[in-house]
There are 2 protein chains.
Amino acid sequence: MTAKQQAILDAALQLFAREGYAGTATSKVAKTAGVSEGLIFRHFGNKQGLLDAILEQGREHAKQAFAKVVMEADPKKRIEKALEVPYTINQRDYELWRLIYAIKWQTQQYDNSMYDPVRLVLTDAFKQLKYADPKAETELLLMYLDGMATALLLHEPDNKAAILEALKQKYDL
Amino acid sequence: MTAKQQAILDAALQLFAREGYAGTATSKVAKTAGVSEGLIFRHFGNKQGLLDAILEQGREHAKQAFAKVVMEADPKKRIEKALEVPYTINQRDYELWRLIYAIKWQTQQYDNSMYDPVRLVLTDAFKQLKYADPKAETELLLMYLDGMATALLLHEPDNKAAILEALKQKYDL
DNA sequence: TGTAAGTAAGTGATTGCTTACTTACTTAAA
DNA sequence: TTTAAGTAAGTAAGCAATCACTTACTTACA
């Protein structure tokens with residue numbers, strides 16, 4: 001990965017997140033990156049390839065974010081760590097996450113299977129803790145995470161900490 | 001509102017929701033609606049005006065969806081009705097909601113004040129029920145609603161009813 | 001060691017096509 | 001007969017993608 005290649009990816013991420021994928025011209029990406037337009041197509045083939053390269057980096061970030069949840073042995077702590085995931089997102093990665101959340105409404109094939117490993121370990125945790133419907137609890141928790149992440153990315157509520165506290169109480173944490 | 005005007009709105013909603021606002025050409029809207037392209041600009045001024053007209057209809061739908069929550073006097077029932085809101089969305093309005101959810105990631109000015117009346121009555125309900133932090137509880141509930149609506153619109157989980165049940169339990173309902 | 005051959009990175013002008021929007025005109029109804 | 005609804009054929013700007021070309025650097029070998 002050369003410096004200019006990374007510059008293209010950075011510029012594209014910024015522009016795609018702010019103006020949308022279809023709303024961003026490759027010429028603008030090139031200008032922002034300080035690079036000729038042709039270089040984009042040499043390195044990434046076409047515009048879609050550029051988006052794919054960004055989303056690939058995003059998938060790595062997601063894996064990292066959930067790694068600590070999957071690795072946790074204690075079921076109660078596992079659930080607690082899952083609830084905290086949205087809070088662990090680094091502010092400088094917000095643009096990447098905003099793009100990922102925007103894209104999932106634009107493409108018809110929403111890839112929900114990405115979270116299957118997390119699903120597995122959460123269902124197991126709820127089972128160990130004798131919850132009535134572990135699978136439903138898992139889906140519910142994932143919905144919370146989605147709503148929480150949306151709130152953080154779009155309007156960053158002032159009482160973040162209190163909200164997390166209220167949520168933890170519902171799981172006796 | 002003439003028949004052709006409504007045909008334009010219907011076609012635009014369908015296309016904007018499926019292919020995105022920037023990804024949809026006005027010529028395609030015209031073709032889908034069975035109308036000349038010029039008519040779109042006569043009635044709605046420009047492409048943005050067309051989107052605005054659709055979103056205005058959306059705001060009316062949202063008001064209606066939350067009306068029963070705001071009107072409920074009993075605090076416990078009020079919370080219960082709020083939790084059920086995503087389930088009351090009519091399947092034929094899904095395209096409209098998908099567009100609204102997609103748009104909020106594309107425009108920078110996310111209008112969160114729209115839910116302020118709901119916020120007010122929910123905070124009041126939690127206060128009456130002696131919750132420790134009524135405002136945090138309200139934000140948490142709104143986040144759940146957002147996550148639930150997202151799930152319903154994007155991948156319709158098979159255990160919808162069980163998830164709602166698990167959630168209601170957390171509020172002793 | 002000197003140089004010829006090879007290669008990946010990078011440029012910017014140009015391509016054919018699509019875009020949002022306009023214009024000049026026709027139709028229909030009150 | 002006025003006016004709103006509607007059309008078909010534009011226009012200029014913007015689009016993704018390609019092109020022939022240059023630059024910077026590495027490798028092979030006489």
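From a predicted model like this one, the values you see are computed outputs, not experimental measurements. Note: hydrogens, waters and symmetry copies are ignored here, and every other heavy atom, side chains too, is used. Sequence lines set the chain letters: A, B, ... in the order given, protein chains first and strands last, and positions in each chain run from 1.
Counting to the nearest Å, the C1' atom of dT11(C) and the CD1 atom of I8(A) are 12 Å from each other. Atom NZ of K47(B) and atom P of dG14(D) are 15 Å apart (whole Å). A straight line from CZ of F44(A) to P of dG10(C) spans 10 Å, rounded to a whole angstrom. Taking atom CG on L15(A) and atom P on dC15(D), their separation rounds to 12 Å, with Å as the unit. Distance, Q5(B) CD to dA4(D) P: 13 Å, rounded to whole Å. To the nearest angstrom, C1' of dA28(C) lies 14 Å from CZ of R42(B). Between the CG atom of L51(B) and the P atom of dA20(C) there is a distance of 13 Å, given to the nearest Å. The distance from atom CD1 of I40(B) to atom P of dA8(D) is 14 Å, rounded to the nearest whole Å.
Closest to the N46(B) side chain, of the nucleotides dA17(D), dG10(C), dC21(C), is dC21(C). Listed candidates were dG10(C), dC15(D), dT7(D). Nearest to the side chain of L39(A) is dG10(C).
Both E37(B) and T2(B) sit near DNA chain D, but only T2(B) has its closest nucleotide nearer the 5' end. Mapping G38(B) and Q48(A) onto DNA chain D by nearest heavy atom places G38(B) at the nucleotide closer to the 5' end.
Remark: E60(B) engages K63(B) in a salt bridge, criterion side-chain N to carboxylate O under 4.0 Å. For E80(A) and K77(A), the salt-bridge test fails: no basic side-chain N is under 4.0 Å from an acidic carboxylate O.
Residue K4(A) places no side-chain N or O under 4.0 Å from the OP1 or OP2 atom of dG10(C). Checking the phosphate oxygens (OP1, OP2) of dG10(C), a side-chain nitrogen or oxygen of H43(A) falls inside 4.0 Å. Residue S36(B) has no polar side-chain atom (N or O) positioned under 4.0 Å from OP1 or OP2 of dA9(D).
Looking at D10(A) and Q6(A), their side chains do bring a donor and an acceptor atom within 3.5 Å of each other. Between the side chains of D124(B) and Q128(B), a donor-acceptor pair is found at a separation under 3.5 Å. Residues T26(A) and E37(A) have side chains that bring a donor and an acceptor to within less than 3.5 angstrom of each other.
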